[in-house]
Novice: 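Please see the structure below; I have some questions.
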2 protein chains.
Amino acid sequence: MAAHAAPVHVAVSTVIFALRPSPVDGRMTVWLPLVRRIRDPFVGMWALPGGPLEPDEDLAESAARTLAETTLLTPQYLEQLYAFGNTDRSPGERVVSIVYWALVRSDEADIAVESENVRWFEADSVPELAFDHSLIVEYALWRLRNKLEYSHIASAFLGDTFTLSELREVHEAVLQKPLDPANFRRQIEGSGQVVPTEQLRTGGRHRPARLYRYAATVETNGPLGRTEGAS
Amino acid sequence: MAAHAAPVHVAVSTVIFALRPSPVDGRMTVWLPLVRRIRDPFVGMWALPGGPLEPDEDLAESAARTLAETTLLTPQYLEQLYAFGNTDRSPGERVVSIVYWALVRSDEADIAVESENVRWFEADSVPELAFDHSLIVEYALWRLRNKLEYSHIASAFLGDTFTLSELREVHEAVLQKPLDPANFRRQIEGSGQVVPTEQLRTGGRHRPARLYRYAATVETNGPLGRTEGAS
DNA sequence: CCAAAAGTGTTTCTCATACACCCATGC
DNA sequence: GCATGGGTGTATGAGAAACACTTTTGG
C-alpha cells in the first residue's frame, strides 16, 4: 500500500552442521561455524552466518552463498528451518530472518578456514549468541536429531561411498548414544536407503567392510520435493 | 547496507482448514476459504487470505489477524508452514511470503461468512490459484495429513469435549480412509492425548458414548514450544 | 425384539531389541 | 594365535491390525 521505504528487512541465516572429533575424547560430535559480529547491535558477540537477502537471489541461493562465503564449502544438504520475525528480536529495526540448516561433509569441514571472526564450536557448548540465535541453534539441533530418525540425511555427512560402520558412527554422534551394530545394519539395509557396492574397504586390522552408496533420493518433503543438495 | 527503499516485501498468508460435510455424500471433508483477488497481478483469481506484514505485529499475529478478517474466526491451532521467496513467484515485485496454516472448529466454520469475494472450497477441488498458492495448499494438506498421525491436532477441529467416534470421524475425513473403531480407541486412549470425563453423550439410537477432553498440551515443536492456539 | 453404535477380548503379524555366535583381516 | 570389527542368526517382547463378541441405548 505505502510506496515509501518498507520498514521490514529480510535476512537469511544458516545453521551449518558438520561432524568433527571432539577435543576431549576424540569421538565424533556435532560442530557448527559462527561469525563474530563487527557491527551493532550485539557487536563482538557470536552469531549465525547470514546477511540481507539480495533482490535477485532465491532464499536457498542466499543461504548457500553465505555458507560458501564463511566456510568455502558447498552443502550436501540444505533445507529451510523456520522464519523468525518477532517484532522484538532485533533492537531498533524490524528484521525477518529466513533460517536454513545445512549439512557439510566431515572431510571437507576439516579444510574449512577459521579466522579471527569465524570459528567452529561444538554444538553442545556454543556461547550465548546475538539476537535469538541461541534459540535457533537449539531448534536446528532438535530438527537434525529428529529428522535423522525418519530420513536418510546422515549420508550427507559422508562421501559418495561409506561403510555401515561409518554411517552408524554418524548416527551415534548426532543422537549421542551407542547403537547396536547388528540391528543398525538390518534397519538401514531394510529401509532401502542405501545399496551395496562391489567394493570393500580394507586397512583396518579386521575383516574388510563393504562399501555402500545412497539409493535414489526419496521424497521426504512432500509436494515441495527434494531440498537442495549436491546434484 | 543500502538505506533506500528495500525492494523485498514481506507478506503473511494463511491456509485455513475446517471440516464440513461434502455436498455429494454428506461425509466430512476438508475445506478451506479463499479470497478473490481484486488487484493485479492475477486479478479475479482465487488466492489465500493474507496481506503485507505490519511493522508492529509478529508473524503469527498477522496470520491470526487476516484469518479473523476473512472468516471472523479465531484459530484453535496455528503453525508456521513455510516461507516462500523465490524471485519469480510474483510478477513485477519481490515478495517473500511467510505462510501459516490454521485449524478452526467445524461448528464455528458453519457460521463463517461467504461473500462475493470470499468462498469455501473443498480441499480436493480447489481451482488453479494465483501466484504459487496451489503448491502452498498442496503442501499444507500434506503437512496436515502427516502431522495428524503423530500429533494430536485432530481435536482442534472439535469442541472442548467430544466422543471418540467424533475424533475418529475427524481422522477419517483428513486421511480419507476408514479406521477400525476398536483399534482407534486403544491407540488414542493409550497415547494419553485425551482423558475421559464423567459425562456421556446421549441421543443416538444406540448406547451413549463417553465424552473426552484434551489432555495437557504436549510439546511437539521442540525448542520452539507450543504453537499458538486457543488459550 | 431389532438396529446401531459403544466398548472389550483375542489372535496374529510385524518389527525393534538384545545378544550369542561365526568370519576375515592385521599383527 | 589373538584381538578387532564385519556380518549372521535367533529368541523375546511391544505394538498394530483384523475381527469376533458383548453392552446399552432408541425405536
Side-chain angles (χ1 to χ4, degrees), chain A residues 21 25-28 145-152 154-155 158-159 161-213, chain B residues 21 25-28 145-146 148-152 154-155 158-159 161-213 218:
Chain A
D25 58 0
R27 294 215 333 276
M28 291 296 249
R145 297 196 166 117
N146 237 30
K147 192 143 192 173
L148 188 73
E149 304 201 337
Y150 66 89
S151 186
H152 54 107
S155 42
L158 300 169
T161 60
F162 46 85
T163 68
L164 290 186
S165 284
E166 289 165 348
L167 190 62
R168 178 168 50 84
E169 193 182 12
V170 171
H171 277 80
E172 289 176 338
V174 173
L175 300 180
Q176 297 176 302
K177 66 178 180 189
L179 298 172
D180 183 300
N183 295 329
F184 182 80
R185 162 182 303 275
R186 262 184 296 261
Q187 240 174 283
I188 296 295
E189 280 187 324
S191 73
Q193 294 172 1
V194 300
V195 286
T197 69
E198 296 303 312
Q199 296 147 8
L200 302 177
R201 170 157 301 167
T202 58
R205 29 186 293 182
H206 51 74
R207 176 173 168 178
R210 181 163 305 277
L211 287 172
Y212 289 75
R213 56 179 175 74
Chain B
D25 58 0
R27 294 214 335 274
M28 292 295 251
R145 297 197 165 115
N146 236 31
L148 188 73
E149 303 200 336
Y150 65 89
S151 188
H152 55 107
S155 42
L158 301 169
T161 60
F162 46 85
T163 68
L164 291 186
S165 284
E166 290 166 348
L167 190 62
R168 177 167 50 85
E169 194 183 10
V170 171
H171 277 81
E172 290 177 338
V174 173
L175 300 179
Q176 297 177 303
K177 66 178 179 188
L179 300 172
D180 184 298
N183 295 329
F184 182 79
R185 163 183 303 274
R186 262 184 294 261
Q187 242 174 282
I188 296 295
E189 279 188 325
S191 72
Q193 292 171 3
V194 300
V195 286
T197 69
E198 296 303 313
Q199 297 147 9
L200 302 177
R201 170 158 300 168
T202 58
R205 30 187 291 183
H206 51 75
R207 176 171 170 178
R210 182 164 303 279
L211 287 171
Y212 289 74
R213 56 178 176 74
V218 189

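Chain identifiers are assigned alphabetically (A, B, ...) following the order of the sequence lines, protein sequences preceding nucleic acid strands; residue numbering begins at 1 within each chain.
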Novice: Working note: Arg145(A) + Gln176(A), criterion side-chain contact (heavy atoms from CB on, under 4.5 Å); need CA distance, chi angles, decisive distance, verdict.
Specialist: CA-CA 9 Å; Arg145(A) 297 196 166 117; Gln176(A) 297 176 302; 3.2 Å; yes
Novice: Report yes or no: does Gln193(B) contribute a side-chain atom to a donor-acceptor pair with the main-chain N or O of Ile188(B) at less than 3.5 Å?
Specialist: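 Side chain of Gln193(B) to backbone of Ile188(B), a donor-acceptor pair under 3.5 Å: no, none is there.
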Novice: Around atom CZ of Arg201(A), are there more than 12 heavy atoms of other residues, nucleotides or ligands at under 6.0 Å?
Specialist: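 Enclosed: over 12 neighbouring heavy atoms sit under 6.0 Å from CZ of Arg201(A).
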Novice: If I take atom CD in residue Glu172(A) and atom P in nucleotide dG5(D), what distance separates them, rounded to the nearest angstrom?
Specialist: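 About 12 Å, once rounded to whole Å.
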Novice: Would you find a donor on one side and an acceptor on the other, under 3.5 Å apart, between the side chain of Arg213(B) and the backbone of Val195(B)?
Specialist: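 Checked: no pair found.
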Novice: What nucleotide, of dT4(D), dA6(C), dA18(C), holds the atom closest to the side chain of Asp180(A)?
Specialist: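 Of the options given, the side chain of Asp180(A) lies nearest dA18(C).
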Novice: With distance as the sole test, does Glu166(B) use its side chain to make a donor-acceptor pair with the main-chain N or O of Thr163(B) at under 3.5 Å?
Specialist: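 Side chain of Glu166(B) to backbone of Thr163(B), a donor-acceptor pair under 3.5 Å: yes, one is there.
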Novice: Quick one: the side chain of Arg205(A) and the base of dT25(C), do they pair up donor-acceptor inside 3.5 Å?
Specialist: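 No, the side chain and the base share no sub-3.5 Å donor-acceptor pair.
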Novice: Toward the 5' end of DNA chain C, which comes first, Gly204(A) or Leu200(B), by nearest nucleotide?
Specialist: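 Going by which nucleotide is closer to the 5' end, it is Leu200(B).
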Novice: Rounded to the nearest Å, what distance is computed from the CD atom of residue Gln187(B) to the P atom of nucleotide dG7(C)?
Specialist: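 The distance from CD of Gln187(B) to P of dG7(C) comes to 17 Å, rounded to the nearest Å.
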Novice: Under 4.0 Å between a side-chain N or O of Ser165(B) and OP1 or OP2 of dA6(C)?
Specialist: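 Affirmative; the distance criterion is met.
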Novice: Just how far, in rounded Å, is C1' of dA5(C) from CG of Leu179(B)?
Specialist: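 So the two atoms are 16 Å apart, to the nearest Å.
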Novice: Separation of Arg185(B) atom CZ from dA6(C) atom P, in whole Å?
Specialist: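 Distance, rounded to whole Å: 8 Å.
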Novice: Any donor-acceptor pair under 3.5 Å between the side chain of Arg186(A) and the base of dG9(D)?
Specialist: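 Yes, a donor-acceptor pair under 3.5 Å.
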Novice: Select from Asn183(A) and Ala209(A) the residue whose nearest nucleotide in DNA chain D is closer to the 5' end of that strand.
Specialist: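 On the 5' side of the pair lies Ala209(A).
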Novice: To the nearest angstrom, how far is Arg207(A) atom CZ from dT25(C) atom P?
Specialist: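 Atom-to-atom, Arg207(A) to dT25(C), this comes out as 8 Å.
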Novice: Just the rounded figure in Å: distance from C1' of dT22(D) to NE2 of His206(B).
Specialist: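 After rounding, the gap between these two atoms is 17 Å.
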Novice: Which listed nucleotide (dG6(D), dA17(D), dA6(C)) is nearest to the side chain of Arg168(B)?
Specialist: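 The answer is dA6(C).
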Novice: Can you check the Leu167(B) CG to dG7(C) P distance for me, whole Å?
Specialist: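 In whole Å, dG7(C) P lies 13 Å from Leu167(B) CG.
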Novice: Measure the distance from CG on Leu211(A) to P on dG5(D) and round it to the nearest whole Å.
Specialist: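 Interatomic distance, CG of Leu211(A) to P of dG5(D): 18 Å.
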